[in-house]
There are 2 protein chains.
Amino acid sequence: MRIDELDAALIRLLTDSPQLPVLECARRLGVARGTVISRLARLHEHGVIEGIVPRIDPRGLGYALTAFCQVEIDQKVGHDKVATALARAIPEIVDMHTVTGIADMQLRVVAHDADQLQSVLDRIALVPGVARTASSIALRTHFSSRVLPLVEHTAGA
Amino acid sequence: MRIDELDAALIRLLTDSPQLPVLECARRLGVARGTVISRLARLHEHGVIEGIVPRIDPRGLGYALTAFCQVEIDQKVGHDKVATALARAIPEIVDMHTVTGIADMQLRVVAHDADQLQSVLDRIALVPGVARTASSIALRTHFSSRVLPLVEHTAGA
DNA sequence: GGTGAAAGGTCATTAAG
DNA sequence: CTTAATGACCTTTCACC
């Protein structure tokens, strides 16, 4: 989908103040209410804006540690079966991707501390079909799910 | 922070229907409005709920490809400098972490197609201080930012 | 631009641990 | 005695006409 500067400005505005009323958006952007409504409808329709959702921070629950885990999978078992089993068994997995390369899956996991992280990794290794894991701890998260620069870059093109 | 089943149910409810009025939340949970308000205030205060934000899907903008990129950094330049430069120069980077292990940084990038992904990786490699990169393409994203199981697991404990 | 309606925040009261 | 939930009131603001 093609977006312009107005769309980008609207997304930026909603990112800053998510529950801003339509009227206020229109006022700040200097356009009519109907314009904002139709733009929002288009953005929703094309899946650019999935929805307005509450952002939950695992750190608020005490999960201070983030780690990435590359998982090698026993070829005979199959990705989907392992993926389903992992998703069920390990609530600490927050991201799960099937990837190309040496590893078969890439996970992002959280834990309260180093001890509990070890326990999480142990549980992952115990899931049937998991052949091997390699992990690295996130020392610092510079940003996550950063899309604004992308939106503005796309609008500028 | 310690949360109970009511907190977990509230988070689940808001995740399903993010813009549900407090009154409706209270009705469905079988508690008073004031209770919901005070619980929400506590969750906000402790950083469990960061805020209600619009969820933007890069795929809606045509970014169909996701890739992970491990970056090795020239030790003499320093992480922060490289991180800042990368963040500025490459809008296609959506996640950026400093990690332990062989690589120094772990990135998640998006692109329209394989060609453009190559261009993104090239631009990353050209950033001063970036010594080497290794990347893998996400063939499938099973889920991302999945926190509900974590919340319920925490509440149950 | 006016009107109806509903949301959110605050408060005192009351029950429970 | 402390903590938390309850139900009602009030003010403000949005969506609709």
Side-chain angles (χ1 to χ4, degrees), chain A residues 1 3-64 91 112 145 147-148 151 155, chain B residues 1-57 60 145 147-157:
Chain A
M1 176 195 174
I3 65 174
D4 60 10
E5 274 83 3
L6 182 59
D7 293 308
L10 181 58
I11 290 174
R12 196 184 323 126
L13 196 62
L14 284 176
T15 302
D16 289 341
S17 320
Q19 48 206 16
L20 207 65
V22 175
L23 178 74
E24 192 64 18
C25 292
R27 197 183 63 77
R28 297 198 193 178
L29 294 174
V31 297
R33 292 158 285 253
T35 307
V36 172
I37 292 176
S38 66
R39 292 301 182 109
L40 279 177
R42 261 191 18 156
L43 289 171
H44 271 101
E45 193 180 326
H46 288 77
V48 178
I49 298 180
E50 283 187 83
I52 309 239
V53 299
R55 193 182 179 87
I56 309 294
D57 187 359
R59 285 175 302 181
L61 290 170
Y63 293 90
H112 286 101
S145 301
V147 289
L148 240 60
V151 168
Chain B
M1 176 198 175
R2 229 182 95 191
I3 65 172
D4 61 8
E5 274 83 4
L6 182 58
D7 293 307
L10 181 57
I11 290 174
R12 196 186 320 127
L13 196 61
L14 283 177
T15 302
D16 289 342
S17 318
Q19 48 205 18
L20 209 64
V22 175
L23 177 75
E24 192 63 19
C25 292
R27 198 183 62 78
R28 298 199 193 177
L29 294 175
V31 296
R33 290 167 283 258
T35 306
V36 173
I37 291 177
S38 65
R39 292 302 184 109
L40 279 177
R42 263 192 14 159
L43 290 171
H44 271 102
E45 194 180 327
H46 288 78
V48 178
I49 297 181
E50 281 186 85
I52 307 229
V53 299
R55 192 182 179 87
I56 310 294
D57 187 359
S145 302
V147 289
L148 242 59
L150 199 63
V151 169
E152 307 198 344
H153 177 254
T154 307

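Atoms considered below: every heavy atom in the structure, side chains included; atoms not considered: hydrogens, waters and symmetry mates. Just so we're on the same page: letters track the sequence lines, and every chain starts at 1.
When the P atom of D:dA4 is taken as reference, atom CG of B:Leu43 falls 13 Å away, rounded to whole Å. Atom C1' of nucleotide C:dG17 and atom CG of B:Asp4 are separated by 15 Å, given to the nearest angstrom. Going from atom CG of B:Leu6 over to atom P of D:dA5 covers 7 Å, rounded to whole Å. Whole-Å rounding puts the B:Leu40 CG to D:dA4 P distance at 15 Å.
The nearest pair of heavy atoms linking A:Val53 to B:Pro18 is CA-CB, 3.8 Å. In terms of heavy atoms, A:Asp4 sits closest to A:Ala155 at O-CB, 3.5 Å. Of all non-hydrogen atoms in B:Ile49 and B:His44, the two that sit nearest each other are O-CD2, 3.4 Å. Counting all heavy atoms, side chain and backbone alike, A:Arg28 lies closest to A:Ser17 at NH1-OG, 4.4 Å.
Between atom CD1 of residue B:Ile3 and atom CG of residue A:Leu61 there is a gap of 5.0 Å, rounded to the nearest 0.5 Å.
A salt bridge does not link B:Arg42 with B:Glu45: every distance from a Lys NZ or Arg NE/NH1/NH2 to an Asp or Glu carboxylate oxygen is 4.0 Å or more.
Within residues 22-39 of chain A, no residue places a heavy atom under 4.0 Å from DNA chain C.
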